Amino acid sequence: MPIRSILAGVGGYLPKRVLTNDELARSVETSDEWIRERTGICQRHIAAPHETAAFMGTAAARAALADAEAATDEVDAIILATSTPDQAFPATALRVQAALGVTHGFGFDVAAACAGFIYALAIADGMIRTGQARGALVIGSEVYSRILNWQDRGTCVLFGDGAGAVFLRAGHGSGRFDRGVLSTHLHSQGTLGDILYVDGAVGQREKSGHLVMNGREVFRHAVVRLAEVVDEALAANSLGRHEIDWLVPHQANLRIIDAMGRKLGLPAERVVITVDRHANTSAASVPLALAEARGDGRIRPGDLVLLEALGGGLAWGAALVRM
Ligand code: UT7
């Protein structure tokens, strides 16, 4: 039987500090009502100085390894998605490798903004299928609080910090009923780079930059592109909408999530939602949502889960996983 990546463990980490909409409304012209109505967000977690992408990624990775009952010597690859790395280099993945005490294999970072986790999952899955790794940590870890312009009410209310991780283990399977990653689907459109970006980087000038977004445009593209990629994932596996047990979407805006749920004909209780409490944690949002729904027993072994995300690039993608 062909090699397949089994999603053996999931974990998450959120900073202790919670910032509510009401607290934000004291420093920028906004209101709890506006933020809830337009986005579904009620609060977000904000990292303390020591809670960097590597620190949070390590905590999430440890939780995923514990969930998988995996020892660190099973970790051949660490692929970490982030737009807010601790340093230009070494890769944040390698800081995590050191913190975990992993002394073999390899690691690297992936930059695909909010779609980063789906991209990293696709890469790890490919490496496992081709025998380059037998165990892979796939991590999304972000500290967007450090790239937000806290005076810009159009963006600062939307994001939060956190990390999520999965541990993939090589197994065997074929067809849509066996466990593992069934397929991944990646897309990008570089010509849309200017509707969501960070206006600086270490390679450009001294300024590290702030997130800039044309929210309305991103919203418009998100609804169309995510619907397309969901159809693509279903068609690639000859699956009907009704065969999906859970939608674990990127958590940017409740209105986008609801539109995807309706498209799939899923009742609201089959769509995992964390945006109300986490806000948009970019590459961390999908694994954090997965960790929550696995941890509380909603998602069970054998369930078919559809993951999707879109963000700056534009970059977007989807993955189908039999748990
Ligand atoms: O993860 C990456 C992917 N990102 C996304 O998917 C985000 C996609 N976009 C969105 O979620 C939404 O477009 C937003 C939540 C960002 C904005 O919602 P919207 O319904 O598109 O609002 P808008 O940008 O059209 O703004 C409506 C009004 C504007 O005022 P005027 O021009 O109508 O007078 C804004 O200035 O709301 C105003 N506004 C605010 N008011 C209070 C914008 N931000 C705020 C705010 N509080 N925080």
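Ligands are counted one by one from 1 in listed order, and the atoms in each one are counted from 1 as well. Since the structure is predicted, the reported quantities are computational estimates derived from the model, not experimental observations.
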Under 4.0 Å from a heavy atom of [X]: which atoms of ligand 1 are those, numbered in the order shown and with their elements?
| X | answer |
| --- | --- |
| R38 | 19 (P), 20 (O), 22 (O), 27 (C) |
| T30 | 42 (C), 46 (C), 47 (N), 48 (N) |
| L310 | 1 (O), 2 (C), 3 (C) |
| I256 | 6 (O) |
| C114 | 1 (O), 2 (C) |

*Any N/O of T39 closer than 3.5 Å to an N/O of ligand 1?*
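No; the residue has no nitrogen or oxygen that sits under 3.5 Å from a nitrogen or oxygen of the ligand.
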*Is there any N or O on G215 that sits under 3.5 Å from an N or O of ligand 1?*
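Yes, since at least one N or O of G215 sits under 3.5 Å from an N or O of ligand 1.
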*Please name the pair of heavy atoms, one in L148 and one in C156, separated by the smallest distance, quoted to 0.1 Å.*
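Nearest heavy atoms, L148 then C156: CD1-O, 4.0 Å.
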*Measure across V18 and E23 and return the closest heavy-atom pair with its distance rounded to 0.1 Å.*
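Looking at all heavy atoms of both residues, the closest pair is O-OE1, 3.6 Å.
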Would you check if there is a donor-acceptor pair between the side chains of [Y] and [X] at a distance under 3.5 Å?
| X | Y | answer |
| --- | --- | --- |
| T130 | Q132 | yes |
| T82 | D109 | no |
| Q87 | R95 | yes |
| H104 | D76 | yes |
| T52 | H50 | no |

Heavy-atom contacts under 4.0 Å between [X] and ligand 1: side chain, backbone, both, or neither?
| X | value |
| --- | --- |
| L196 | side chain |
| I35 | neither |
| V28 | neither |

*Looking only at protein heavy atoms, which one is nearest to atom 44 (N) of ligand 1, and how far off is it?*
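Residue, atom and distance for the closest contact: W34 CH2, 3.3 Å.
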*Identify the closest protein heavy atom to atom 38 (C) of ligand 1: which residue and atom is it, and at what distance?*
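For atom 38 (C) of ligand 1, the nearest protein heavy atom is R153 NH2, 3.7 Å.
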_Protein non-hydrogen atom found under 4.0 Å from atom 32 (O) of ligand 1_ =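 No, because not a single protein heavy atom sits under 4.0 Å from atom 32 (O) of ligand 1.
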*Do any non-hydrogen protein atoms sit less than 4.0 Å from atom 29 (C) of ligand 1?*
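Protein heavy atom within 4.0 Å of atom 29 (C) of ligand 1: absent.
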_Quick test of your reading of the structure: of V223, T281, I41, N280, whose heavy atom lies closest to atom 1 (O) of ligand 1?_
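Going through V223, T281, I41, N280 one by one, N280 has the nearest heavy atom to atom 1 (O) of ligand 1.
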Tell me which donor-acceptor pairs under 3.5 Å the side chains of residues 117-126 have, and how far apart each pair is, sequence neighbours excluded?
residue : atom : partner : partner atom : Å
Y119    : OH   : H187    : O            : 2.7
D125    : OD1  : S5      : OG           : 2.5
D125    : OD1  : R129    : NE           : 3.2
D125    : OD2  : R129    : NE           : 3.0

*side-chain contact (heavy atoms from CB on, under 4.5 Å) evaluation trace for L239 with R176*: CA-CA 8 Å; L239 284 163; R176 57 191 206 243; 3.3 Å; yes
